[in-house]
Protein chains: 2
Amino acid sequence: MLNERKLKILQAIIQDYIETAAPVGSRTLSKRYNFGISPATIRNEMADLEDLGFIVQPHTSAGRVPSDKGYRLYVDQFMPLKKIKAVELDYLVLDLLQEIGEIEQILQYSLRILSQLTNYTAIALAPQIKESKLKHVQLIPVDSSQMIVVIITDNGIIKKSVIKPNCEIDENSAQIISNFLNNELHGLSVKNIKTDLIETLSGEFVYLSGLIERIISEVFRSLDEVNNIDIFLDGVMNMFNFPEYNDILKAKSFLKLLEEKELLSNLITSFENEGLSISIGSENVYEEVKDCSLVTATYKIDDTVLGWLSIIGPTRMDYSTVVSVMTQISEFIKELLNNKYK
Amino acid sequence: MLNERKLKILQAIIQDYIETAAPVGSRTLSKRYNFGISPATIRNEMADLEDLGFIVQPHTSAGRVPSDKGYRLYVDQFMPLKKIKAVELDYLVLDLLQEIGEIEQILQYSLRILSQLTNYTAIALAPQIKESKLKHVQLIPVDSSQMIVVIITDNGIIKKSVIKPNCEIDENSAQIISNFLNNELHGLSVKNIKTDLIETLSGEFVYLSGLIERIISEVFRSLDEVNNIDIFLDGVMNMFNFPEYNDILKAKSFLKLLEEKELLSNLITSFENEGLSISIGSENVYEEVKDCSLVTATYKIDDTVLGWLSIIGPTRMDYSTVVSVMTQISEFIKELLNNKYK
DNA sequence: ATTAGCACTCGATAACATAGAGTGCTAACA
DNA sequence: TGTTAGCACTCTATGTTATCGAGTGCTAAT
């Protein structure tokens with residue numbers, strides 16, 4: 001039922017619609033592509049494709065538009081993949097990435113590259129500290145009432161946070177406490193650190209001075225604080241170049257979506273596939289993105305998922321380009337991170 | 001020429017327009033306010049006010065709209081000032097602010113308060129590290145190729161940055177170098193640190209090992225890196241609730257403005273007045289904000305301007321509320337910072 | 001199986017009419 | 001002299017109607 005010719009026509013409709021954003025009619029198709037058949041024949045085929053659910057008609061006298069099911073078939077079966085050209089992929093920037101120490105910055109630059117190459121909006125979820133193991137804790141006194149806690153994890157996350165144990169601590173004591181904490185906490189998973197530590201210390205807990213106890217509880221507090229969802233964005237304005245978002249209400253609701261960190265995070269973290277995940281329009285669970293598509297990749301160190309990169313655009317998205325770009329960039333980042341922290 | 005009655009009418013026009021966003025006609029005025037004069041008389045007065053340039057007519061058969069000059073008069077001469085009610089000003093949040101150690105977080109929370117109380121967009125410029133004096137530098141080794149530099153300034157700015165001197169350093173050496181750097185750099189202004197240090201060290205420069213030299217140069221680099229413009233925003237979406245931004249092009253150009261950190265920064269730092277600065281529509285130099293108004297306050301420590309807080313909205317802004325809110329919040333922050341770092 | 005021909009549908013655009021809010025001016029009035 | 005009712009006039013916003021054109025499905029001929 002889905003013969004060669006129907007597929008070709010479907011592909012033409014999809015590619016044309018992705019390019020022009022206008023419903024595609026039989027005459028346009030026969031003019032623009034060389035099928036060697038007349039518009040009337042194309043019309044018959046299109047009627048079939050509509051029956052099969054791959055395209056829809058916005059209204060009786062309009063051309064056809066791909067349905068989500070149509071995009072899905074296209075993505076799964078016959079979407080052409082491109083190799084990004086060296087001219088476009090700015091190797092200078094990629095080299096620069098090599099030089100950056102902090103994951104957050106690497107992500108931010110990657111988003112810039114992703115959004116500029118695709119013209120959609122790029123989203124990243126920064127690595128969650130709670131999935132990591134502690135490598136080093138350092139206390140630095142700031143003044144009579146404040147200290148900085150610097151936390152370094154085994155996978156290269158660096159966080160700082162200010163705590164206020166209500167007691168004065170000089171530089172020496174800070175160092176001593178740092179050493180103590182490092183001994184006790186080194187290698188513990190941040191997620192379980194509280195229970196683990198209490199277990200470890202249970203024997204000697206009574207010997208701890210009130211001072212250290214206060215600092216430890218402050219450090220715990222700062223771990224929680226530092227652990228909130230960190231979402232990075234780039235190319236938000238790109239969306240407004242698409243006619244889909246000429247409607248102020250649509251634009252507003254898209255911006256609103258990007259402001260809801262919680263929802264965005266849930267949305268993106270639901271893709272845990274090996275490789276890329278593509279979700280198209282109504283395939284998304286959340287109402288807010290039922291007319292968007294997402295192409296999402298994870299980034300890992302040592303096979304544990306650290307965080308996510310995603311590109312979001314209208315369902316009429318140039319899947320071909322997006323998938324190609326995302327594949328290459330996420331591959332690059334994977335290598336980068338694993339070289340760095342292995 | 002500007003008698004009592006004209007002023008009253010002007011005030012009514014401005015307040016009505018701020019509230020309704022619709023041009024105000026003579027009949028509306030005489031119905032809504034009790035001037036004790038007929039619409040015809042009001043019309044005569046309005047014609048005069050237009051001649052004087054305080055109001056304009058969008059077109060012949062429309063009511064009047066305040067001009068920028070009109071808003072200016074209103075703001076300078078007869079705008080009522082409000083005291084924010086305790087119910088609105090969330091003292092719990094303000095108390096929470098007391099507990100926060102880092103300026104950046106204080107700013108972010110303040111923006112939230114500002115934007116929620118005013119329904120406009122709030123902007124903050126984070127303190128520039130180059131205007132501060134170094135208080136403490138701490139090096140922390142991460143792994144064989146990376147170190148963290150933590151920089152603390154006298155006015156409470158804390159920055160961290162990753163450097164990669166290409167040599168291995170253990171924790172002890174890091175501490176020794178930290179101590180060395182602290183001795184040499186303590187109290188120096190970040191702006192002049194390079195020249196100052198070279199001067200100080202000129203005698204002993206030859207004795208420095210290549211190692212320390214490399215680290216110093218990396219620390220300098222990280223100072224530059226950490227010194228880029230940091231802008232915080234809150235309530236960006238608020239703007240879309242105003243009919244002024246129902247036009248997608250307007251909305252787009254407003255969002256674009258907020259993305260141009262450089263321009264925003266120049267715009268806001270141009271207000272160095274004692275107290276609040278109000279700039280109305282065409283008074284702004286930059287084309288991009290000719291139909292916006294800004295209410296800007298500086299925040300200081302010890303009489304040196306550290307950074308800026310600003311509220312941006314359409315020229316039809318509720319100046320009365322904005323000025324009141326901004327006055328109280330910026331006063332609060334001023335006290336907070338000076339208690340903290342004095 | 002393909003296609004030319006044709007009647008039909010429906011959105012988009014333009015042309016036109018109308019209502020209503022507001023003005024300025026004039027003349028009458030206190 | 002200041003105030004006001006009355007009125008003609010202006011201009012936008014809104015609604016109505018007509019028209020155009022792209023596209024369809026169906027039929028009948030190839």
Side-chain angles (χ1 to χ4, degrees), chain A residues 1-10 12-14 16-17 19-67 70 243-244 246-248, chain B residues 1-10 12-14 16-17 19-67 70 243-244 246-248:
Chain A
M1 61 187 202
L2 246 185
N3 56 28
E4 189 72 14
R5 198 170 69 182
K6 282 199 179 57
L7 276 183
K8 265 196 180 156
I9 290 175
L10 179 56
I13 292 173
I14 292 178
D16 206 77
Y17 185 68
E19 200 182 319
T20 64
V24 195
S26 56
R27 242 180 71 82
T28 319
L29 278 178
S30 87
K31 258 190 303 182
R32 197 147 9 193
Y33 304 84
N34 259 15
F35 294 126
I37 48 178
S38 77
T41 314
I42 295 178
R43 274 205 291 283
N44 291 330
E45 296 288 49
M46 283 166 88
D48 291 351
L49 283 171
E50 184 164 11
D51 286 343
L52 293 168
F54 295 119
I55 53 180
V56 289
Q57 237 178 333
H59 55 265
T60 334
S61 68
R64 300 310 208 290
V65 164
S67 68
E244 277 89 343
N246 274 354
D247 177 18
I248 192 83
Chain B
M1 62 188 202
L2 247 186
N3 57 28
E4 188 72 15
R5 198 170 71 183
K6 283 199 177 58
L7 277 182
K8 265 194 177 153
I9 291 175
L10 180 55
I13 292 173
I14 292 177
D16 206 77
Y17 185 67
E19 200 181 318
T20 64
V24 194
S26 55
R27 244 180 71 83
T28 320
L29 278 178
S30 87
K31 258 190 301 183
R32 195 143 16 188
Y33 304 85
N34 258 16
F35 294 127
I37 48 178
S38 77
T41 314
I42 296 178
R43 275 205 290 285
N44 289 331
E45 296 287 49
M46 283 166 89
D48 291 350
L49 282 170
E50 184 164 13
D51 285 342
L52 292 168
F54 294 117
I55 54 181
V56 288
Q57 239 178 331
H59 54 265
T60 335
S61 68
R64 300 311 208 290
V65 164
S67 68
E244 276 89 342
N246 274 355
D247 177 17
I248 191 84

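In what follows, chains are A, B, ... by sequence order, proteins preceding strands, each numbered from 1.
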In this structure, how many angstroms lie between the [atom2] atom of [N] and the [atom1] atom of [X], rounded?
X	N	atom1	atom2	answer
A/Arg5	C/dA1	CZ	P	10 Å
A/Glu45	C/dA1	CD	C1'	10 Å
B/Glu4	D/dG2	CD	P	18 Å
B/Ile37	C/dA30	CD1	P	19 Å
B/Lys31	C/dG20	NZ	C1'	12 Å

For this session: Could you tell me the separation between the CZ atom of B/Arg43 and the CZ atom of B/Arg27, rounded to the nearest 0.5 Å?
Result: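 With rounding to 0.5 Å, CZ (B/Arg43) is 10.0 Å from CZ (B/Arg27).
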
Exercise. Taking atom NZ of B/Lys6 and atom CD1 of B/Ile13, what is their separation to the nearest 0.5 Å?
Worked result: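 Reported value, rounded in 0.5 Å steps: 11.5 Å.
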
For this session: Count the heavy atoms of every other residue, nucleotide or ligand shown that sit under 6.0 Å from NZ of B/Lys8, and state whether that count exceeds 12.
Result: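 No, not enclosed.
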
What pair of heavy atoms forms the shortest contact from [X] to [Y], and how long is it?
X	Y	result
A/Asp16	A/Tyr33	OD1-OH, 3.2 Å
B/Pro58	B/Pro23	CG-CG, 4.1 Å
B/Arg64	B/Gln57	CD-CG, 3.4 Å

For this session: Would you give a per-nucleotide map of nucleotides 9-26 of chain D, 5' to 3', where B means the base has a protein non-hydrogen atom under 4.0 Å away, S means only the sugar-phosphate does, and - means neither?
Result: -BBS---------BSBB-

